[in-house]
Amino acid sequence: HNTIGGWQQAGNVLRITPEMRWMCLQPELWEHCDMEQVETDMKKEDGTEYEYKDRRQEIVFIGHRMNKDAIQNLLDSCLLTDEEFALGPEKWREIFAEFDQPLLELPEEEEE
């Protein structure tokens, strides 16, 4: 919730890393500068702040003959329901704790 995660994948090569803390959590880096883009990411068109400021998800697919509708439907099926979203970060941390510990090694195969 406090760290930007990076996911880069090309074919069977995958890299998942923590990138940095969200800009809203480090105002000392930008408040004294003319950082219009940072503020734009945190505010709605009417000037009020988004609830989670600059925290968001972005995803880009690059490829040939990709099925946009299939990708959209698959991603939409991963979204939280309104009820799950209403639980908030503390409850998410509790409920989804098992996913915060990724499996970095494959289990050894048993010999037959």
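The figures that follow rest on heavy atoms only: side chains count, while hydrogens, waters and symmetry mates do not. The shown structure was predicted, so the numbers you read here are calculated from the model rather than taken from an experiment.
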- Between Tyr52 and Cys24, the two heavy atoms sitting closest are O-SG, 4.4 Å
- Between Leu14 and Trp7 the two heavy atoms that sit nearest each other are CD1-NE1, 3.3 Å
- Output the distance between atom CG (Asp76) and atom CG (Asp69), rounded to the nearest 0.5 Å. 10.5 Å
- Between the main-chain N or O of Glu84 and the side-chain N or O of Trp92, is there a donor-acceptor pair closer than 3.5 Å? yes
- Between CD of Glu45 and OG1 of Thr40, what distance do you get to the nearest 0.5 Å? 10.5 Å
- Query: In terms of hydrophobic clusters joined by side-chain contacts under 4.5 Å, are Phe85 and Leu79 together?
  - Reply: no
- Item | Shortest non-hydrogen separation from Phe61 to Leu75 and the atoms involved | CE1-CD1, 3.9 Å
- Closest heavy-atom contact between Met42 and Met23? CE-C, 3.9 Å
- Note on the structure: CD (Glu31) and CD (Gln26) are apart, to the nearest 0.5 Å, by 11.5 Å
- Item | Spacing of Gln9 atom CD and Arg15 atom CZ [to the nearest 0.5 Å] | 12.5 Å
- Message: Let me confirm one number: the CZ-CG distance from Arg55 to Leu25, rounded to the nearest 0.5 Å.
- Response: 4.5 Å
- Which heavy atom of Ile4 sits nearest a heavy atom of Arg21, and at what distance? CD1-O, 4.0 Å
- Take atom CG in Asp46; do more than 12 heavy atoms of anything else shown fall under 6.0 Å from it? yes
- Rounded to the nearest 0.5 Å, how far does CD1 of Ile95 lie from CD of Glu90? 11.5 Å
- Is Ile59 reachable from Ile71 through a run of hydrophobic residues whose side-chain heavy atoms are each under 4.5 Å from the next? yes
- Message: When you group the ILVMFWY residues by side-chain heavy-atom contacts below 4.5 Å and let the links chain together, are Trp30 and Trp22 in the same group?
- Response: yes
